[in-house]
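Written out below as structure tokens is the structure these notes cover.
Below, chain A is the first sequence line, B the second, and so on; all start at residue 1. Just so you know, these numbers come straight off a predicted model, no measurement behind them.
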Amino acid sequence: MKEVKCDCGHVNPFGTNICGKCGMVLDNEKENKLIDMRYEGSARRSQTYKKTIIDKIWNFFSSVKVGVTLIVIALIASAIGTILPQEMYIPSTATPAEHYELEYGWFGMVYYELGFHNLYSSWWYLIIIGMLGISLLIASIDRFFPLYRSLKKQGVTRHDGFMKRQRVYGVTKLEDQDINLEEVKDRLKRQRYHIREENGHILAEKGRFSRWGPYVNHIGLIIFLIGALLRSVPGMYIDKVLWLREGERKEIPGTNGEYYLQNNEFTLEVYDKENEEDEQYSAAIDKTGTIAKTYQSDVTLYERKGETLPGEKVDLDKLKDYKIKVNEPLKHDHYALYQVDYKLDELSTMAFKLINKKTEEEYGSLKVDLNNPQKKYELKEGYSVDLISYFPDFEFDEKGEPRTISKIPNNPAFIFKMHTPDKPEGEVSFVAIKETVEPLGENTYKMAFNGVETQDVTALTVRKDLTLWILFTGGIIFMIGVVQGSYWNHRRIWIKRKDDEILMAGHTNKNWHGIKRDIKQAIESTSLSEPMDQLEEEKSSSKGEVLNG
Amino acid sequence: MDKKKRRLISRTIILLLLGAALVFALYTNFTKDKNESLRKGSEAPNFVLTDMEGKEHKLSDYKGKGVFLNFWGTYCKPCEYEMPYMENQYKNFKDQGVEILAVNVGESDYAVNNFITKHDLTFPVMIDKGREVENAYRVDILPVSFLVDKEGKVIDIITGALTEESIQKHMERIKP
């Protein structure tokens with residue numbers, strides 16, 4: 001673990017391939033014709049010490065191989081997760097275990113057994129994504145700082161060996177003539193190169209900041225991951241549903257009772273063939289029946305005044321009226337209410353009249369509020385009706401007993417007891433939609449159906465997402481990094497003046513054609529000979545060998 | 001070697017931070033579903049509801065007593081199943097400092113009163129008309145019972161129908 005002292009006197013950290021100052025090749029691969037310029041041949045931090053467990057973990061995450069492996073695993077897993085619908089998208093009535101096998105056969109069963117039905121929140125998927133994030137960060141730290149330092153410290157005068165082993169390299173023999181490099185310098189300057197000089201040697205450099213592109217990009221990714229992580233933190237992300245009948249006012253779930261919403265009216269508008277405006281849709285209407293035009297909830301938003309306990313009477317301040325439509329949510333204080341579902345014509349009241357079955361004479365009528373029925377309904381003198389039982393969502397259970405399966409009046413049924421002057425102890429009648437049963441024998445009177453009132457119900461999604469701007473910021477930084485790294489190149493040209501020759505070398509991280517063009521323009525009409533691309537020469541010479549062979 | 005030591009320390013710190021972030025991510029993700037419901041050991045959200053006899057009940061007034069807080073609906077079969085057992089145990093534990101509060105999930109007075117008569121319930125029954133208490137307790141499945149101890153902490157949350165024996169056991173747990 002010794003530091004390496006170069007011939008030029010510069011002390012390099014262990015693991016350095018190329019001297020940070022003069023560029024002399026320090027490692028053993030001296031046989032190679034060209035040097036590997038990645039990370040400027042600087043010692044990646046991970047390569048320096050391999051002793052403690054911390055260093056071992058660090059090296060693991062710093063490895064590009066590990067990073068790529070993690071990306072590949074995450075990609076494959078994510079792709080598999082899209083083959084069959086995830087658990088949250090299967091019908092809520094189905095048992096997942098049965099559903100996957102029934103719908104998709106043995107493949108579905110395997111899919112379920114391996115946990116792919118809940119992939120994106122499974123522990124192993126999260127761990128892979130988390131490790132990917134760690135790898136991203138550590139690999140960046142490990143490479144950015146040494147690279148930054150070596151670019152900052154780089155010397156102007158480079159070792160001959162360094163120059164010779166650059167891809168673009170050329171030698172001009174001086175042979176008594178002298179070449180004025182001022183002209184070349186000016187041209188390079190005009191091409192927006194930064195020029196540094198030392199004892200007549202020149203380093204021209206431009207676009208260094210493009211080298212930071214990948215690191216900026218990684219920072220963006222990490223911010224994005226943090227944003228995704230924060231979603232599961234309480235208070236950052238809310239996604240709930242609120243069902244509201246017309247005229248009903250309720251606390252908005254997820255707001256801790258701070259806001260209340262009243263549904264004033266729900267409207268479903270459909271395209272109408274008869275309407276001139278909608279004429280263009282008539283063919284589509286003929287084909288599919290009804291087509292919705294608007295779903296709209298007219299609502300009023302209230303804010304709670306002061307602190308009250310749940311269940312306590314609240315003082316509300318009216319904040320605003322709003323018409324919620326699809327894609328036009330009501331937004332307030334980071335919350336947004338979206339139109340998501342509806343139910344038309346839910347029964348709200350049902351009216352009956354008491355009649356004599358034979359004579360059909362009427363003795364008064366009553367209206368049952370299906371969401372808040374009364375125990376007793378007084379009719380005209382001597383006549384009254386008791387509501388003995390009420391089943392808002394009626395069905396017969398296994399034993400044949402009437403029961404209700406919910407509190408919503410989807411299929412109301414009643415047991416009435418009718419008191420009349422001639423039957424003061426009352427007659428019992430079971431009344432359901434289109435059905436009347438007289439369980440205790442033939443009755444003289446009956447409750448005749450006398451109309452219903454309905455109301456619409458709207459369903460709204462309550463959404464709050466404080467992570468959105470973090471995701472946005474991350475995404476924008478990510479893109480900046482991509483642009484920075486791909487639309488600019490880091491180009492360097494070294495010119496070394498020796499007694500009887502001038503060495504010239506060029507390096508760029510991409511777009512070799514560009515740097516060659518830059519050099520060509522800079523040395524045009526001087527007697528400097530144009531540097532050659534040694535890689536291309538090699539290729540053509542090896543090709544030539546093949547041809548000859 | 002000072003530099004080496006510094007490097008080790010900084011690496012350790014970074015790795016620990018990242019490890020903590022990963023653990024945090026896993027933890028929040030796996031408690032996400034539980035976040036939807038109330039957490040055991042947390043303070044029971046206070047509320048005020050009026051029972052069918054017109055008496056106001058404030059949860060915080062029951063500090064020093066255990067409260068068996070039950071959420072139910074008349075249409076829910078398992079709720080109906082456990083009601084008589086709750087009634088029996090209520091009579092047993094009333095003098096031992098355990099109270100039952102049965103909160104109906106916003107049905108009509110009519111339905112609730114009929115239900116009380118049918119099952120002869122003597123413990124306080126109240127209707128959560130605005131569903132606010134239900135929201136505060138993040139009730140999802142019925143029936144659900146919250147065991148609130150004398151300090152006002154939720155020590156356990158039990159969903160599903162209970163037998164008389166298990167009700168008794170749970171009452172025993174919150175006895176002051």
Examine whether an atom of [X] lies under 4.5 Å from a heavy atom of chain B, and if so say whether it belongs to the side chain, the backbone or both; otherwise answer neither.
X: Lys375(A); answer: both
X: Ile226(A); answer: neither
X: Gln374(A); answer: backbone
X: Ile405(A); answer: backbone
X: Asn256(A); answer: neither
X: Leu230(A); answer: neither
X: Asn371(A); answer: backbone
X: Thr255(A); answer: neither

Q: Not counting sequence neighbours, which residues clear salt bridge (Lys or Arg N to Asp or Glu O under 4.0 Å) with Arg131(B)? List them please.
A: Glu134(B)

Q: Could you pull out the closest heavy-atom pair between Tyr335(A) and Gly254(A), with the gap in Å?
A: OH-O, 3.4 Å

Q. So do Phe144(A) and His218(A) actually touch side chain to side chain, heavy atoms under 4.5 Å?
A. no

Q. Should Glu258(A) and Glu303(A) count as side-chain neighbours, where that means a heavy-atom distance under 4.5 Å?
A. yes

Donor-acceptor pair between [X] and [Y] side chains, under 3.5 angstrom:
X: Ser145(B); Y: Asn70(B); result: yes
X: Asn59(A); Y: Ser62(A); result: no
X: Asn88(B); Y: Glu164(B); result: yes

Q | Name of the residue among Thr50(B), Val103(B), Leu101(B) meeting side-chain contact (heavy atoms from CB on, under 4.5 Å) with His57(B) | A | Leu101(B)

Q.
Please list all pairs meeting salt bridge (Lys or Arg N to Asp or Glu O under 4.0 Å) that have one or both residues in residues 106-115 of chain B, counting only residues at least two apart or in different chains.
A. Asp109(B)-Lys129(B)

Q) What residue in Asn46(B), Leu22(B), Asn114(B) has the most heavy-atom pairs under 4.5 Å with chain A? A) Asn46(B)

Q: Is it possible for you to check whether Arg249(A) lies under 6.0 Å from the centre of the six-membered ring of Tyr260(A), through NZ or CZ, and within 45° of that ring's axis?
A: no

**Q.** Part of Ile14(B) within contact of chain A (heavy atom distance under 4.5 Å)
**A.** side chain

**Q.** Heavy-atom proximity to chain A below 4.5 Å, by part of Ala111(B)
**A.** neither

Q | All side chain to side chain donor-acceptor pair (under 3.5 Å) counterparts of Lys58(B), not counting sequence neighbours | A | none

Q: Could you have a look at Asp369(A), Leu229(A), Asp393(A) and say which one has the most heavy-atom pairs with chain B under 4.5 angstrom?
A: Leu229(A)

Q) Quick one: of Gly257(A), Gly133(A), Pro253(A), Ser389(A), who has the most non-hydrogen atom pairs under 4.5 Å with chain B? A) Ser389(A)

Q. Does Glu172(B) pair with Lys175(B) as a salt bridge, N-O distance under 4.0 Å?
A. yes

Q: For chain A, find its close neighbours in residues 59-68 of chain B: heavy-atom separation under 4.5 Å, sorted by number, or none.
A: none

